[in-house]
Amino acid sequence: MELTDLERQRVQKLERLREAGIEPYPRRVERTHTIAAALAALEAAEASGQEPPPVAVTGRLRSMRVMGKITFAHIEDGSGTIQLFLRLQNVGREQYDRFKRDFDLGDFVEAHGTLMRTRTGESSVLVTQVRMLAKAISPLPVIKEKEVNGKVVRYTAFSNVEERYRQRYADLASNPEVREIFRVRARTLKALRRFLDAHDFLEVETPILQPVYGGAAARPFITHHNQLHQDLYLRIAFELYLKRLLVGMYDRVYEIGHDFRNEGVSHKHNPEFTQLEFYAAYWDYNDVMNFCERMIATVAEEVLGSPIIRYQGHEIDLRPPWRRVTLREAARAVTGIDYRDYPTAESLAAAMREKGLPVKPGATWGYLIDKGLLGAVEPTLIQPTFVLDYPRDISPLAKTKPNDPTHVERFEYFIGGLEMGNAFTELNDPFDQEQRFLEMGRLYAPEDEETHPMDEDYLRAMKYGMPPNGGFGLGVDRLVMLLTDQPTIREVILFPHLRPKD
RNA sequence: GGGCCGUUAGCUCAGCCUGGCAGAGCAGGGGCCUUUUAAGCCCAGGGCCGCAGGUUCGAAUCCUGCACGGCCCA
């Protein structure tokens with residue numbers, strides 16, 4: 001282990017502790033109260049006029065102010081922060097000097113004593129005994145705060161974005177607001193599950209390693225099973241497995257888990273991300289829309305206390321009903337282009353170039369509409385919006401519109417300028433489905449991300465009869481971005497993907 | 001993939017334009033201090049200036065390449 005000068009100093013302190021017969025990493029802890037419980041116990045004692053009880057609290061040393069024969073320190077555990085008040089006359093010379101000399105910010109300690117208030121009124125533990133629980137060798141970034149007119153001013157922080165992600169443990173340890181993001185994330189997942197469970201959905205788990213990938217337009221990660229001599233793909237979607245379960249007579253299923261897409265990394269994309277998909281028999285995409293807006297509003301209310309949220313300076317009202325607009329209308333309103341006037345990729349690309357919109361060379365008609373036109377619309381969709389009715393040739397798993405074979409019953413929904421997810425009235429005609437798969441194979445080059453390999457087993461399942469159903473996907477990370485007001489997906493993923501540094 | 005910006009002490013940053021001894025605050029070390037809370041005061045430390053090359057008498061500073069990250073675009 002290579003050590004910096006500061007780390008070497010701390011190792012010396014550790015050795016001094018050992019020489020004095022003190023184990024710097026003891027096995028047992030004698031905590032009587034969490035810090036929150038200790039603070040509550042003090043208030044309860046004061047309210048009832050009783051003597052505060054003796055406590056033993058534990059936590060990480062956050063600050064230390066040595067003032068001659070007394071020392072103030074703060075410790076923090078998962079529940080809160082409390083001040084320690086050490087006096088030479090209470091703890092004795094040996095222990096007092098050891099605390100001053102061999103204890104550092106960042107160490108985990110255990111403090112025994114009685115609860116009290118200092119002259120300034122701060123809840124404190126008047127310490128009789130303090131013990132090392134775990135010596136920290138590497139110094140954490142020190143954060144100093146001050147209250148000015150009720151606002152907390154922070155003087156330094158651990159703010160280097162790259163190092164915060166690479167050493168998330170240090171980020172979490174020193175930045176409480178980062179810890180809060182992942183608490184909101186956990187509450188969001190629970191609220192989603194609660195809502196789905198309450199509506200008779202069954203949570204299931206389907207394969208992450210798949211012999212054939214499908215269900216989305218994305219390139220996969222490829223891996224290999226050594227014993228079986230078989231290439232496998234990390235799933236890019238759950239869709240095809242979940243719909244097999246409808247054939248198997250589960251009416252409503254959902255899965256929350258990770259998808260893996262071998263594509264670029266951006267403020268909205270991580271190669272590994274959390275997806276929610278559900279499928280409900282006997283629903284169409286209108287039912288899914290009605291359910292979606294209720295679910296998101298309910299989750300926001302449960303997680304944040306209100307369905308009206310703030311995201312990147314916008315006030316967003318998640319209460320139903322959400323705006324519904326066709327893709328054609330939305331694209332025409334923002335770009336001035338009605339794509340039905342341009343029925344070929346060439347004519348549409350020309351029209352888009354004329355409007356100054358970026359055009360990817362060789363892009364298909366559907367791709368131009370999806371990435372080009374909708375891409376221009378997306379940032380304008382701040383309030384929750386369902387964008388309806390997509391071209392059939394970019395939607396191989398969705399049922400066509402009743403009076404329009406060129407479009408399907410599909411929607412994507414947008415909040416805060418972010419695409420949150422995708423849903424459709426699911427195609428359940430095995431012959432139509434086979435035809436769509438064959439067309440995908442013809443229209444797109446093998447290297448294209450839109451290619452779907454033929455999943456014969458999925459067709460076989462559908463031949464047994466699949467109930468009409470509505471399906472739904474949600475980018476959970478993006479929902480968490482929304483609920484925590486974070487501009488990048490990396491802030492809501494504990495360990496986001498980064499290149500190796502060396 | 002392209003453009004712009006960044007990388008200097010454990011942390012947060014100055015210094016770079018206009019080349020000339022490597023700086024500050026916090027943290028750490030030594031000392032003073034019995035109600036502090038960004039505690040205060042005194043003293044002394046701490047650097048592969050991202051990496052590699054070039055220009056120059058001399059490079060943290062100018063030039064080129066590379067790595068990693070950020071923002072924007074694709």
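Labels below follow one simple rule: chain letters A, B, ... track the order of the sequence lines, proteins then strands, and each chain is numbered from 1. Everything numeric here is computed off the predicted structure, so don't read it as measured data. Values reported hereafter were calculated over all heavy atoms of this structure, with side chains retained and with hydrogens, waters and symmetry mates removed.
Counting distance only, with no hydrogens placed and no angle test, the side-chain atoms of A:Thr118 and the base atoms of B:U36 include a donor-acceptor pair under 3.5 Å. Contact of A:Thr120 with B:U36 (side chain to base): a donor-acceptor pair of N or O atoms is detected under 3.5 Å. A donor N or O paired with an acceptor N or O is found under 3.5 Å between the base of B:U34 and the side-chain atoms of A:Gln89. For A:Glu122 against B:U35, no side-chain N or O and base N or O form a donor-acceptor pair under 3.5 Å. Put simply, the side chain of A:Arg65 and the base of B:U36 share a donor and an acceptor less than 3.5 Å apart.
Rounded to whole angstrom, the span from the CZ atom of A:Phe72 across to the C1' atom of B:A38 amounts to 16 Å. Summarising the geometry, the separation between NZ on A:Lys100 and C1' on B:U34 is reported as 12 Å, rounded to the nearest angstrom. Here the P atom of nucleotide B:A9 and the CD atom of A:Glu163 are 12 Å apart, to the nearest Å. Between the CZ atom of A:Arg164 and the P atom of B:U12 there is a distance of 10 Å, given to the nearest Å. Atom CG of A:Asp102 is separated from atom P of B:G29 by 10 Å (rounded to the nearest Å). For the pair A:Asn160 CG and B:C26 C1', the interatomic distance rounds to 17 Å; values are reported in whole Å. One interatomic measurement links the two molecules: CZ of A:Arg87 to C1' of B:C33, which rounds to 15 Å at whole-angstrom precision.
Applying the ring pair (Phe, Tyr, Trp, His ring centres under 6.0 Å) test to every pair with at least one member in residues 472-495 of chain A, sequence neighbours left out, gives these pairs: A:Phe278-A:Phe472, A:Tyr413-A:Phe472.
Comment: A:Glu272 does not engage A:Arg261 in a salt bridge, judged by the lack of any side-chain N to carboxylate O separation of less than 4.0 angstrom. In summary, A:Arg131 and A:Glu110 engage in a salt bridge, as defined by a charged side-chain N under 4.0 Å from a carboxylate O.
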For nucleotides 70-74 of chain B, tabulate all protein N/O to nucleotide N/O atom pairs closer than 3.5 Å, reporting atom names and distance.
unit_1, atom_1, unit_2, atom_2, d
B:G70, OP1, A:Arg490, NH1, 2.5

Provide a list of protein-nucleic acid N or O atom pairs under 3.5 angstrom, restricted to nucleotides 40-48 of chain B.
none

(request) Give the C-alpha distance, both sets of side-chain angles, the deciding distance and a yes or no for side chain to side chain donor-acceptor pair (under 3.5 Å) between A:Gln50 and A:Ser48. (result) CA-CA 5 Å; A:Gln50 292 175 322; A:Ser48 66; 3.3 Å; yes

(message) Determine whether A:Ser63 and A:His74 satisfy the following criterion, side chain to side chain donor-acceptor pair (under 3.5 Å), listing intermediate values before the conclusion.
(response) CA-CA 5 Å; A:Ser63 66; A:His74 279 96; 3.1 Å; yes

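A donor-acceptor pair under 3.5 Å is absent between the side-chain atoms of A:Tyr213 and the main chain of A:Ala237, judged by distance alone. Proximity of a side-chain donor or acceptor of A:Ser124 to a complementary backbone N or O of A:Glu122 within less than 3.5 Å is detected. Checked by atom type and distance alone, the side chain of A:Asp77 pairs as donor or acceptor with a backbone atom of A:Ile35 at under 3.5 Å.
Comparing the same atom, C1', in B:G19 and in B:C62 gives a spacing of 8 Å after rounding to whole Å. Rounded to the nearest Å, the gap between the C1' atom of B:G65 and that of B:A74 is 24 Å. Using atom P as the reference point in both B:A67 and B:A60, the two lie 24 Å apart (nearest Å). Going from the C1' atom of B:C48 to that of B:A9 covers 13 Å, rounded to whole Å. Rounded to a whole angstrom, the distance from the C1' atom of B:U56 to that of B:U18 is 16 Å. For the C1' atoms, the distance linking B:G1 with B:C11 amounts to 35 Å, nearest Å. B:A59 and B:G20 have their P atoms separated by 11 Å, given to the nearest Å. Nucleotides B:C21 and B:G58, compared at atom C1', are 13 Å apart to the nearest Å.
Taking a pair to require two hydrogen-bonding distances under 3.5 Å in either a Watson-Crick or a G-U wobble arrangement, B:G1 pairs with B:C73. The partner of B:G25, taking Watson-Crick or G-U wobble pairs whose two distances both stay under 3.5 Å, is B:C11. B:C68 and B:G6 make up a base pair, with Watson-Crick or G-U wobble contacts both under 3.5 Å. A 3.5 Å limit on both hydrogen-bonding distances identifies no Watson-Crick or G-U partner for B:U61. In this entry B:G40 has B:C32 as its Watson-Crick or G-U wobble partner, both defining distances falling under 3.5 Å.
Scored by the side-chain hydrogen bond (donor to acceptor under 3.5 Å, both in side chains) test, A:Tyr311 finds no partners at all (sequence neighbours excluded). For A:Tyr165, there are no ring pair (Phe, Tyr, Trp, His ring centres under 6.0 Å) partners, not counting sequence neighbours.
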Which side-chain N or O atoms in residues 372-382 of chain A pair as donor and acceptor under 3.5 Å with protein atoms at least two apart or in another chain?
unit_1, atom_1, unit_2, atom_2, d
A:Glu378, OE2, A:Lys268, NZ, 3.3
A:Glu378, OE2, A:Glu419, N, 3.3
A:Thr380, OG1, A:Val377, O, 2.6

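Neither OP1 nor OP2 of B:A67 sits under 4.0 Å from any side-chain N or O of A:Arg499. Not one side-chain nitrogen or oxygen of A:Lys69 sits closer than 4.0 Å to the OP1 or OP2 atom of B:U35.
A:Tyr339 and A:His407 have their aromatic ring centers within a separation under 6.0 angstrom.
Residue contacts for A:Arg8: at a heavy-atom cut-off of 4.0 Å it reaches no nucleic acid atom on any strand shown.
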